[in-house]
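What follows is a structure written as structure tokens; I'll ask about it next.
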Amino acid sequence: MKKLIISLILFSHSVSAQYIDINIVKEVKVKNKGVVVSAHPLASEAGAKILKMGGNAYDAITATQYALAVVYPQAGNIGGGGFLVGVKNNGEKFTLDYRETAPKKASRDMYLDKNGKANTDLSQNGRLAVGIPGSIAGFFATLKYCKLPMSQIIQPAIDLAEKGFAITDHEADMLNSQKEHFQKHNKSSILFVKDTPWKAGDLLVQKELAETLKLIQKLGAKGFYEGKTADLLVAEMKRGNGIITLEDLKNYKVAERKALEFDYKGSNVVTMPLPSSGGVLLAQMLRMAAFENLEKYQQNSTPAVQIMVEAERRAYADRAEYMGDPDFIEDKTSYLISNDYLKNRWKSFSFNKATPSSEVGKIIKQPKESTETTHISVIDKDGNAAAVTTTLNGYYGSKVLVTGAGFFLNNEMDDFSVKPGVPNMFGAVGGEANSIQPNKRMLSSMTPTIILKNGKPYMVVGTPGGTTIPTSVYQSIVDVVDFKLNANISVNAPKFHHQWLPETVSVENNFPEATISELKAKNYVIEKVKYIGKTEMIVIDDNGTIHAVADGRGDDSVAIE
């Protein structure tokens with residue numbers, strides 16, 4: 001089968017730098033080739049390059065993550081963390097949890113003022129907001145599944161940082177919008193701040209980041225968690241009120257966890273367990289929606305949306321009460337996704353009207369904040385599949401760039417319950433299960449997912465979007481499995497989201513007006529938003545044809561081996 005490629009050449013300048021042609025590929029159909037889908041064309045191409053060099057899906061997804069740290073600094077990172085879900089072609093399933101952890105000096109009330117009021121500015125911005133980064137440890141934990149040495153896998157990212165690349169319109173807008181934050185939270189000038197506004201085609205050269213990556217290439221994980229880079233990170237902490245120490249960095253460990261698996265209409269869903277709430281929510285939402293024979297309806301029709309929203313409402317109420325780091329709390333996943341529990345949870349559902357959120361939890365006014373994460377989906381020619389979602393949490397994380405090392409630090413401490421009952425930057429309410437403790441992993445919404453049919457990969461999917469991640473993955477699965485839609489329609493159709501609190505249902509601006517009107521008549525509160533997530537999806541049909549789609553909401557792009 002011939003490849004179907006929809007592409008757009010954004011620039012072609014005669015500047016003496018290597019990465020100036022940005023070729024966005026939105027959709028590919030291909031057989032017997034490896035495919036990478038990510039948030040940036042140069043990162044996807046880095047992964048595909050590694051496949052061409054003989055690497056497998058795990059080599060490629062690691063190379064793509066490194067490259068995203070260079071070309072997509074608002075979310076791609078070496079100063080944050082993530083989750084990997086893998087299914088090898090021999091059927092072996094595994095997950096890697098390289099979520100950030102709380103520093104040893106962290107405490108339950110560290111963001112409360114003398115009156116006991118939560119100061120979320122401290123948990124969201126600056127050095128005190130930073131959790132111990134897990135990404136580099138995660139990349140090295142992936143290495144045992146790879147075919148190539150790390151020195152080879154990391155090289156495309158080093159080249160991108162050292163030689164520079166032309167930024168897109170979207171990236172220019174992002175950098176310009178954050179200028180004041182960068183100036184406020186960095187003690188010295190940083191390369192991301194210019195006197196004149198950034199514009200598409202400007203070259204971004206990151207020499208300090210290139211040197212940091214070279215240390216990792218030369219020394220391995222110790223090139224990040226010990227020595228020069230660790231010293232620079234801790235020195236950055238001391239420029240403000242940060243609490244990460246050299247001991248914290250040296251002691252960081254990746255957690256290898258058993259994948260959360262469940263059946264959905266004959267397919268095997270393989271996803272991330274706690275401390276990702278996403279996998280548990282996904283199982284709950286799909287199973288509750290199945291009680292109403294969702295396949296009878298059409299995508300974004302009123303009954304379908306109502307069923308799915310009410311499943312979301314009940315699942316997110318459980319998120320607030322029960323979910324956290326399984327190393328610190330009782331893991332109630334098997335109970336929460338059991339048929340008996342969910343049937344009882346679903347008893348209050350009615351097609352006649354919205355279920356008030358007050359019936360499933362105490363109402364608390366929520367703030368509205370944006371979100372930025374990034375997802376990569378990969379399958380190689382041998383049938384190995386990998387899904388990774390990784391993040392700094394907010395745009396450019398804490399806004400703090402490590403002086404001399406060139407990378408942004410996360411603001412993941414905000415994903416803890418800063419004060420039980422107080423919502424985080426994405427409006428998610430948490431309880432004691434997700435309270436702050438030293439060395440604890442904060443609850444996450446990231447939901448990298450692989451679906452198997454007859455034991456072989458059928459779908460690889462994930463998205464950024466904070467608390468909207470599980471609902472977007474949920475909709476993606478329903479679109480393909482229940483509504484029999486193709487990957488392109490599933491990815492690019494208007495999305496919706498509900499998370500128990502606030503009461504509102506968010507819908508994208510192009511959501512069907514007829515459905516909105518009918519939902520309002522049933523007491524649903526609707527709020528229009530610009531976009532929800534940026535889904536990266538790969539679907540493999542029974543004939544082995546790979547249909548890979550990069551979300552049209554951004555610069556997301558597909559690359560082929």
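These values consider heavy atoms only, across backbone and side chains, with no hydrogens, waters or symmetry-generated copies.
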Any chance the side chains of Thr333 and Asp331 put a donor and an acceptor closer than 3.5 Å?
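A donor-acceptor contact under 3.5 Å links the two side chains.
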Looking at Trp500, I'd like to know if the NZ or CZ of Arg319 sits under 6.0 Å from its six-membered ring centre while staying within 45 degrees of the ring's axis.
no
Is it true that Lys484 and Glu295 make a salt bridge, defined as a side-chain N closer than 4.0 Å to a carboxylate O?
no
Does some side-chain heavy atom of Gln499 sit less than 4.5 Å from a side-chain heavy atom of Pro502?
yes
Using modelled atom types and a 3.5 Å cut-off, is there a donor and acceptor pairing between side-chain atoms of Ser490 and backbone atoms of Val480?
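No, because the side chain of Ser490 does not come within donor-acceptor range (under 3.5 Å) of the backbone of Val480.
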Would you mind checking if Lys528 and Glu513 are paired as a salt bridge, meaning a charged N to carboxylate O distance below 4.0 Å?
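Looking at Lys528 together with Glu513, the answer is yes, because their closest N to O distance falls below 4.0 Å.
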Any sub-3.5 Å donor-acceptor pair from Ser177's side-chain atoms to Met174's backbone N or O?
yes
If you apply the rule side chain to side chain contact (heavy atoms under 4.5 Å, CB included), what do you find for Asp556 with Val37, and how did you get there?
CA-CA 7 Å; Asp556 309 55; Val37 195; 5.8 Å; no
Please confirm whether the backbone N or O of Glu171 pairs with a side-chain atom of Thr168, one donor and one acceptor, at under 3.5 Å?
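Looks like yes, one N/O pair under 3.5 Å.
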For a 4.5 angstrom cut-off between non-hydrogen side-chain atoms, does Asn339 reach Phe291?
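Yes, their side chains come closer than 4.5 Å.
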Counting C-beta onward and ignoring hydrogens, is there a side-chain heavy-atom pair between Lys93 and Leu452 closer than 4.5 Å?
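Yes, their side chains come closer than 4.5 Å.
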May I ask you to check whether Tyr396 and Phe182 place their ring centers less than 6.0 Å from one another?
yes
Rounded to the nearest 0.5 Å, how far apart are NZ of Lys332 and CD1 of Ile337?
15.0 Å
One pair to check against side chain to side chain contact (heavy atoms under 4.5 Å, CB included): Val85 and Thr449. What are the steps and the verdict?
CA-CA 7 Å; Val85 173; Thr449 300; over 6 Å; no
Yes or no on salt bridge (charged side-chain N to carboxylate O under 4.0 Å, His left out) for Glu503 and Arg313, after CA distance, side-chain angles and deciding distance?
CA-CA 9 Å; Glu503 192 85 37; Arg313 190 191 308 271; 3.1 Å; yes
Could you check Phe408, Trp198, Tyr395 and say which one makes a ring pair (Phe, Tyr, Trp, His ring centres under 6.0 Å) with Phe192?
Phe408
Sort out for me which residue in Val505, Asn509, Asn510 forms a side chain to side chain contact (heavy atoms under 4.5 Å, CB included) with Val507.
Val505
For the pair Glu359 and Arg314, find out whether any cationic side-chain nitrogen is under 4.0 Å from an anionic carboxylate oxygen.
no
Classify the side-chain pair Glu310/Tyr524 by whether it contains a donor and acceptor separated by less than 3.5 Å.
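Distance-only check passes for Glu310 and Tyr524.
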Any side-chain heavy atom of Glu100 within less than 4.5 Å of one from Met442?
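Answer yes - side chains close enough.
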Taking Asp97 first and then Arg99, would you say they form a salt bridge - that is, a charged N and a carboxylate O separated by under 4.0 Å?
no
Heavy atoms of His497 and Thr467 approach each other most closely as CE1-O, 3.1 Å
Would you confirm whether Glu27, through its side chain, and Asn488, through its main-chain N or O, come within 3.5 Å as a donor-acceptor pair?
no
Tell me, yes or no, whether the heavy-atom count around Gln298 atom CD, taken from other residues, nucleotides or ligands under 6.0 Å, exceeds 12.
no
Is the gap between the ring centers of Tyr111 and Phe416 under 6.0 Å?
no
Specify the closest pair of heavy atoms between Gly533 and Thr468, including all atoms of both residues, with the distance to one decimal.
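So the minimum-distance heavy-atom pair works out to N-OG1, 4.4 Å.
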What I want to check is whether the side chains of Asp414 and Ser123 have a donor and an acceptor closer together than 3.5 Å.
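Looking only at side-chain atoms, Ser123 and Asp414 do form a donor-acceptor pair, the distance falling under 3.5 Å.
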Do NZ/NE/NH1/NH2 and the carboxylate oxygens of Lys522 and Glu518 come within less than 4.0 Å?
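So Lys522 does not pair with Glu518 through a salt bridge.
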Return the orientation label for the Phe349 and Trp346 ring planes: parallel under 30°, perpendicular over 60°, tilted otherwise.
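The arrangement is parallel - the two ring planes meet at less than 30°.
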Check Asp318 with Arg345, please: is the shortest side-chain N to carboxylate O separation under 4.0 Å?
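Salt bridge present between Arg345 and Asp318.
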Look only at the side chain of Ser506 and the backbone of Phe496, and say whether a donor-acceptor pair between them is shorter than 3.5 Å.
no
Side-chain (Asp551) to main-chain (Thr535) donor-acceptor, under 3.5 angstrom
yes
Side-chain heavy-atom pair Ile489, Val491 within 4.5 angstrom cut-off:
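The answer is no, as the side chains (C-beta and beyond) never meet within the 4.5 Å cut-off.
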Under-4.0 Å salt bridge between Lys440 and Asp327:
no
Distance alone, cut at 3.5 Å: any donor-acceptor contact between the side chains of Ser38 and Ser44?
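Judged by distance alone, the side chains do pair up.
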Can you check side chain to side chain contact (heavy atoms under 4.5 Å, CB included) on Leu443 and Asp325, steps first, answer last?
CA-CA 6 Å; Leu443 188 64; Asp325 184 341; over 6 Å; no
Without hydrogens or angle criteria, can the side chains of Gln124 and Asn411 be said to hold a donor-acceptor pair below 3.5 Å?
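There is no such pair between these side chains.
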Exam field: side chain Glu412 to backbone Asn393, donor-acceptor pair closer than 3.5 Å:
yes
Heavy atoms, side chains only, cut-off 4.5 Å: are Pro470 and Thr447 in contact?
yes
Can you name the closest pair of heavy atoms from Pro303 and Tyr297 and give their distance?
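Result for this residue pair: CG-CD2, 3.4 Å.
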Between Asn410 and Gly131 (side chain of the first, backbone of the second, donor and acceptor by atom type, cut-off under 3.5 Å), is there such a pair?
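Judged by distance alone, yes, a pair lies under 3.5 Å.
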Between Pro273 and Thr95, is there a side-chain heavy-atom distance shorter than 4.5 Å?
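The answer is yes; the side chains approach within 4.5 Å.
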Heavy-atom pair with the smallest gap, counting every atom of Asn352 and Gln306
N-NE2, 4.3 Å
Hydrogens and angles aside, do Asp340 and Asn344 bring a side-chain donor and acceptor to less than 3.5 Å of each other?
no
If I compare all heavy atoms of Pro457 with all of Ala385, which pair ends up nearest, and what's the gap?
CG-CB, 4.0 Å
Determine, step by step, whether Leu96 and Phe83 satisfy the side chain to side chain contact (heavy atoms under 4.5 Å, CB included) criterion, reporting the C-alpha distance in whole Å, the side-chain angles of both residues, the deciding distance to 0.1 Å, and the verdict.
CA-CA 6 Å; Leu96 297 174; Phe83 298 135; over 6 Å; no
For the atom pair CG (Asp542) and NZ (Lys453), what is the distance rounded to the nearest 0.5 Å?
5.0 Å
Drop me the distance from Ser417's OG to Arg108's CZ, to the nearest 0.5 angstrom.
9.0 Å
Can you name the closest pair of heavy atoms from Val270 and Ala259 and give their distance?
CG1-CB, 3.7 Å
Within-4.5 Å side-chain heavy-atom neighbours: Thr471 and Tyr316
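Yes, at least one pair of side-chain atoms sits under 4.5 Å.
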Taking Tyr531's backbone N and O only, do any of them form a donor-acceptor pair with Arg553's side chain (distance below 3.5 Å, no angle check)?
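Not confirmed, Arg553 side chain does not pair with Tyr531 backbone.
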Contacts of type side chain to side chain donor-acceptor pair (under 3.5 Å), residue Gln74, not counting sequence neighbours
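None.
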Walk me through whether Ser135 and Asn77 qualify under side-chain hydrogen bond (donor to acceptor under 3.5 Å, both in side chains).
CA-CA 7 Å; Ser135 289; Asn77 68 82; 2.6 Å; yes
What do you reckon, is NZ of Lys343 surrounded by more than 12 foreign heavy atoms closer than 6.0 Å?
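12 or below, so no.
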Can you establish whether the number of heavy atoms outside Asn454 located under 6.0 Å from its atom CG is more than 12?
no
Backbone of Gly116 reached by a side-chain donor or acceptor of Asp113 within 3.5 Å
yes
Taking atom types as modelled, find out whether His375 and Thr389 have a side-chain donor-acceptor pair closer than 3.5 angstrom.
yes
